[in-house]
Amino acid sequence: MGIYLDNAATTRPSAHVLEVMRDASLNCWGNPSSIHAEGRAARKCVEKARRQTAEALHAGEAREICFTSGGTEADNWALRGVAHALRGQGRHLITTQVEHHAVLHTAEMLAAEGFRVTYLPVDAEGRVSPADVAAAIEPDTILISVMAANNELGTLQPIGEIGEIAHSQGVLFHTDAVQAVGAVLLSLSELPVDLLSLSAHKLHGPKGIGALYIRRGTRIDGLLKGGQQERSLRPGTEAVAAIAGLGAAITDAVETLPERTARIAALRDELWERLRDIPGIRRNSPERDVLPGLLNVCLPGCEGEALLLRLDLEDISASSGSACTTGAPEPSHVLRAIGLDEEAVRSSIRFSIGDENTAEDIAIAAEAIRRISADLRRLRGWKG
Ligand code: PLP
């Protein structure tokens, strides 16, 4: 195995999660809606995971957790579900320019249906100002959606303050916490949040499973039509083993959070210490109020994609500031929103450190980054 520094993209399922999923697949394979013993065993498994997820987030009741196919579905559901349920009340939504595409593209879809969407700008660290949120609220605003932590920069948003503002104006508040759950403490008994999206594969759980927390009493339509699963709001036979994996993953992540994240943050700081004197290097990620494992840097004179390919040849995995979708790299909307020009965006790369990384990984990766970036600059004749 090489050195994996792309934990914001996904994480490896833990041995414990795999064991729980194997056990669920072998012993809880019934249909949770069936009344017989096999069905009851599966139902027990699903409800245990629902309780575990609710407890990990300090949600008031387990029934406030609805399982989805992941963070993307949870985000789609929060925005479209609320917009459709409250369309008679208002047609304005507020979000930010740095959300994940699961939110941004859903907002675009709603705009095509006749809703109005305000996309708030962010500062140089990628943070939205609560005052801007307050100023953007209109009489017909029905939902504010601001992510808890940004996936490219790691920036934590002031979701407590934003939630207070939303509630003081009678507006619902959704947060995409896909990157934040398991990385920072989130307590729904204290946070003024009505809807929260999460995804298991970012916390050593399986892919294709996530949840939407829906605070009791929140009006929301379902996206799908079908059976009565998830209180008829999200029909479809439950993915029992994956749900059990999510329950185990989120419990493990939250129980060990302080020690794990302190260790990860120390490794992240060590990586920056080893890179910071590279001529011209800039830290795109904030120093404070940031995810523990995330370090996004700009290395002027280096093509991010070329650096990544060369690192990959040395078995070091990281990610760039551009999402390659149809083969044509699309410059990151997040890095552009913090004011980087196209050249700087193309020269940016993201390292995301996780539970499995060691100090040795950091030392090896830092040496490789220094050597390869110097090489790439030489090839381009970059003088700084
Ligand atoms: N939101 C954020 C902030 C993310 O980082 C991601 C995944 O990269 C998602 C949503 C989508 O989650 P999923 O991969 O579970 O669909």
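Atoms within each ligand, like the ligands themselves, are counted from 1 in listed order.
- Close contacts of ligand 1 with Met147, meaning ligand atoms under 4.0 Å from a residue heavy atom, involve 3 (C).
- Taking every non-hydrogen atom of His201 and a distance limit under 4.0 Å, the qualifying atoms of ligand 1 come out as 13 (P), 14 (O), 15 (O).
- Side-chain contact of Ser69 with Glu73: a donor-acceptor pair under 3.5 Å is present, judged by distance alone.
- Using modelled atom types, one finds no donor on one side chain facing an acceptor on the other under 3.5 Å when comparing Ser14 with His204.
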Pair Arg310-Glu314, salt bridge (charged side-chain N to carboxylate O under 4.0 Å, His left out): steps then yes or no: CA-CA 7 Å; Arg310 291 276 301 270; Glu314 301 193 15; 5.4 Å; no
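- Among protein heavy atoms, the minimum distance from atom 4 (C) of ligand 1 is reached at His100 CD2, 3.3 Å.
- Residue, atom and distance of the protein heavy atom nearest to atom 8 (O) of ligand 1 are Lys202 NZ, 2.6 Å.
- Side-chain polar atoms of Ser320 and Glu305 form a donor-acceptor pair below 3.5 angstrom.
- When only interatomic distances are considered, the shortest N/O to N/O separation between Gly71 and ligand 1 falls below 3.5 Å.
- Checking each of Glu230, Glu61, Glu55, Glu238 against Arg50 for a salt bridge (Lys or Arg N to Asp or Glu O under 4.0 Å) leaves exactly one that passes, namely Glu230.
- Under 4.0 Å from ligand 1, not a single heavy atom of Val103 appears.
- Side-chain rings of His333 and His101 approach one another, their centers coming within less than 6.0 Å.
- For atom 1 (N) of ligand 1, the closest non-hydrogen atom on the protein side is Asp176 OD2, 2.6 Å.
- If you number the atoms of ligand 1 from 1 as listed, the ones under 4.0 Å from a heavy atom of Thr72 come out as 11 (C), 12 (O), 13 (P), 16 (O).
- For Glu73, no heavy-atom contact with ligand 1 is shorter than 4.0 Å.
- Per-residue contacts place Gly70 under 4.0 angstrom from the following atoms of ligand 1 (heavy atoms of the residue considered): 15 (O).
- Close approach of ligand 1 to Asp75 is summarised as follows: ligand atoms under 4.0 Å from at least one heavy atom of the residue are 1 (N), 10 (C).
- In this structure, Arg234 forms no cation-pi arrangement with Trp77, as its terminal cationic atom is not both closer than 6.0 Å to the ring centre and no more than 45° off the ring axis.
- Contact detail for Gly354 and Ile264: the closest heavy-atom pair is C-CD1, 3.8 Å.
- The protein heavy-atom contact nearest to atom 15 (O) of ligand 1 is Ser199 OG, 2.6 Å.
- For the side chain to side chain donor-acceptor pair (under 3.5 Å) test with Asn296, the passing option among Asn284, Asn150, Thr155 is Asn284; the others fail.
- When hydrogens are left out, the protein atom nearest atom 5 (O) of ligand 1 is Gln179 NE2, 2.8 Å; that is the closest non-hydrogen contact.
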